[in-house]
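For reference, the structure is listed below as structure tokens.
Note: hydrogens, waters and symmetry copies are ignored here, and every other heavy atom, side chains too, is used.
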Amino acid sequence: MFTFLYFKCLFILIYIFNENLVLCKEIKVFGPGLQPKNIVMPARYFFVNFTSVNESSYDKDLSRNFAVDISGKSFKKDHCRIWVNTLDRKDGTFIVRYKIYETCTQLTIGIYYKNKHIQNSPIQIEGPIQPDQCNCPNPVFQSWLKDYGCSQTYKQIEKDLIPFQRVEMKQQIKKIIDKYHRPESTSFCHYVIKENKIYRDCYGKHVGFNMFADNILLSLSRKTVMPDMEMVINLGDWPLIHKNGEKLAMFSWCGSDDTLDIVMPTYDITESTLENLGRVTLDTLSVQGNVERKWSDRETRAIWRGRDSRAERLKLIDIARENPDLINASLTNFFFFREKEAKYGPKVPHISFFKFFDYKYQINVDGTVAAYRFPYLLAGGGLVFKQDSSYYEHFYSKLTQWEHYVPVKSDLSDLVEKIKWAKNHDTEAVDIARSARDFANDNLLPQHIICYHAVLFSEWSKRIIDGVQVREGMTHVPQTDFECRCESYKGISHEDL
């Protein structure tokens, strides 16, 4: 999926075992940001890995002497507006993110150590290279999927769509509206994608979360011509379609063992993808570059902060108070159990999510449904203790207990025992933490989130058998106007679409 470039024989001065050593090793440069013409994202990114350096041999001299410069030309001038952000993972790996604000005719990526290009730098990329706001869709969807580096399928998608092999949407829509249109308790939107335009009808009192569904559909339709389809997207936290009821096709951000909802990436990780280097500061890349302490310097306790959205969270406070040497846990807000604030308060101020990783151990307890912070805990390089739960997100089926996280019983009765195990097995604990970060980098980065949506919607569109029509009165969700210079795809220009 990623492009790899290998840079050999860079001389790096590092400090190991109190000796200064000059090493000649490979440097790996890889990631979708090296294919900016094919892989359009709000923020492109790639990794630079100094293979001879790890957390124990890391020296700040590496960070001080590493630099990246990304520049280009636009159609109007010799300078293209680009913002570059470099994150130091402090283990010999740098994450480079860059955001393009206009169509670039060419791009140059320079990677430097001690003010000198590393071998094979600079990297020259011919344009046009589009910013994410450009509405320049590739008309051949399957070609775009391949160029974008998407997987052909996902096991979770296959599982979710088993009950829906042939779907008559007119009947589905009517039945869903009849059964679930309860304005005070449920909210959902019926979406139609027709000729790569987005339309919707929303039902319920609280429909503000339709902006998250709007944004991913608009983002995809700027990149490629989407297949015609229609779907119903649940705007609430709880999955709705019970297994013992009629099989109705509802797309939700969270699934459960008792429901049939078709699971999409959560609105939280989707927003962090679409607002990367924008209004969102927490994402699976930024959390890796903002951890200040290496593993050996972190406090050997577990940390948790959150609101009172589940009884087990109150139990966690009880356990933490009984074991302050093992757990630092507090509630930040009371809503569901306000009458118990005197016992479980006082509520404490929020802390930066990045400060969680001043501690070796992180606790993941369900909220109203699955706790949507889980991807960022995995990416941060801490050891995650995850409560057993019937709720799941789109990626849970790919996780393995004791490889990516430490399982904890749903009632948290073995949490103390598991934390004590980690304290006495530090080597195993850090190996699990690193495997979790590797999992996040292989499955939960922006490219993966965009691909999952695209493959899911594509597979869904194949199952609709009664045609796709825009209903009278539906709201058109327009693209935001943005000045672009779209290229042609095999003789088909954007204006012809």
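Inspection of the Asn333 and Arg307 side chains reveals no N or O donor paired with an N or O acceptor under 3.5 Å. For the 3.5 Å distance criterion, the side chains of Ser56 and Asn54 qualify, holding a donor opposite an acceptor. At a cut-off of 3.5 Å, with distance as the only test, no side-chain donor of Gln387 or Ser410 sits close to an acceptor on the other residue. No hydrogens or angles considered: nothing links the side chains of Asn196 and Ser221 as a donor-acceptor pair under 3.5 Å. Side-chain contact of Ser63 with Asp88: a donor-acceptor pair under 3.5 Å is present, judged by distance alone. One side chain, Glu158 or Thr153, offers a donor N or O that lies under 3.5 Å from an acceptor on the other.
Taking the ring centroids of Phe66 and Phe94, they lie under the 6.0 Å cut-off.
By the 6.0 Å contact criterion, CG on Asp325 is enclosed, its count of non-hydrogen atoms from other residues, nucleotides or ligands being greater than 12.
With 2.5 angstrom as the limit on SG-SG distance, Cys451 and Cys150 come in below it.
For the disulfide (SG to SG under 2.5 Å) test, residues two or more places apart in sequence or in another chain that qualify with Cys80 are Cys104. Taking the side-chain contact (heavy atoms from CB on, under 4.5 Å) definition, one finds that Asn115 meets it with nothing, sequence neighbours left out. With sequence neighbours excluded, the residues satisfying side-chain contact (heavy atoms from CB on, under 4.5 Å) with Ser252 are Asn234, Met250, Asp261. Taking the salt bridge (charged side-chain N to carboxylate O under 4.0 Å, His left out) definition, one finds that Lys355 meets it with Asp358, sequence neighbours left out. By the salt bridge (charged side-chain N to carboxylate O under 4.0 Å, His left out) test, Asp438 pairs with no residue at all, sequence neighbours left out. For the ring-ring contact (aromatic ring centres under 6.0 Å, His included) test, no residue two or more places apart in sequence or in another chain qualifies with Phe334. Looking at residues two or more places apart in sequence or on another chain, you find a salt bridge (charged side-chain N to carboxylate O under 4.0 Å, His left out) between Arg279 and Glu271, Glu275. Residues that satisfy the ring-ring contact (aromatic ring centres under 6.0 Å, His included) test with Phe356, not counting sequence neighbours, are Phe353. Pro478 pairs by the side-chain contact (heavy atoms from CB on, under 4.5 Å) definition with His476, not counting sequence neighbours. In this structure Arg434 satisfies the salt bridge (charged side-chain N to carboxylate O under 4.0 Å, His left out) test together with Glu55, sequence neighbours excluded. Taking Tyr361 as the reference, Phe385 meet the ring-ring contact (aromatic ring centres under 6.0 Å, His included) condition, with sequence neighbours excluded. In this view, Phe457 and His453 satisfy the ring-ring contact (aromatic ring centres under 6.0 Å, His included) rule, not counting sequence neighbours.
Cation-pi geometry between Arg97 and Tyr45 is not satisfied (NZ or CZ under 6.0 Å from the ring centre, within 45° of the ring normal).
Looking only at distances, no side-chain donor or acceptor of Gln156 sits under 3.5 Å from a matching main-chain atom of Ile262. A donor-acceptor pair is defined here as one N or O able to donate and one able to accept, closer than 3.5 Å; no such pair exists between the side chain of Tyr101 and the backbone of Trp83. In this structure, Thr273 contributes its side chain and Ile269 its backbone to a donor-acceptor pair below 3.5 Å. In this structure, His448 contributes its side chain and Asp442 its backbone to a donor-acceptor pair below 3.5 Å. Under the 3.5 Å distance criterion, the side-chain polar atoms of Thr270 are matched with a main-chain donor or acceptor of Thr266. Remark: side-chain polar atoms of Glu403 are not paired, donor with acceptor, to backbone N or O of Ser435 under 3.5 angstrom.
In this structure, Tyr112 and Val68 have side chains that are not in contact, with every pair of non-hydrogen atoms separated by 4.5 Å or more.
At a threshold of 4.0 Å, the pair Lys223-Asp132 counts as salt-bridged, since one of the basic side-chain nitrogens sits closer than that to a carboxylate oxygen. The pair Glu483-Lys76 meets the salt-bridge criterion, with a side-chain N (NZ, NE, NH1 or NH2) lying under 4.0 Å from an Asp/Glu carboxylate O. Contact check on Glu102 versus Arg485 returns no salt bridge, with no Lys/Arg side-chain nitrogen under 4.0 Å from an Asp/Glu carboxylate oxygen.
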Could you walk me through whether Cys486 and Cys134 pass the disulfide bond (SG atoms under 2.5 Å apart) check? CA-CA 8 Å; Cys486 296; Cys134 278; 5.8 Å; no
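Nearest approach of Leu87 to Gly289, heavy atoms of both residues: CB-CA, 3.8 Å.
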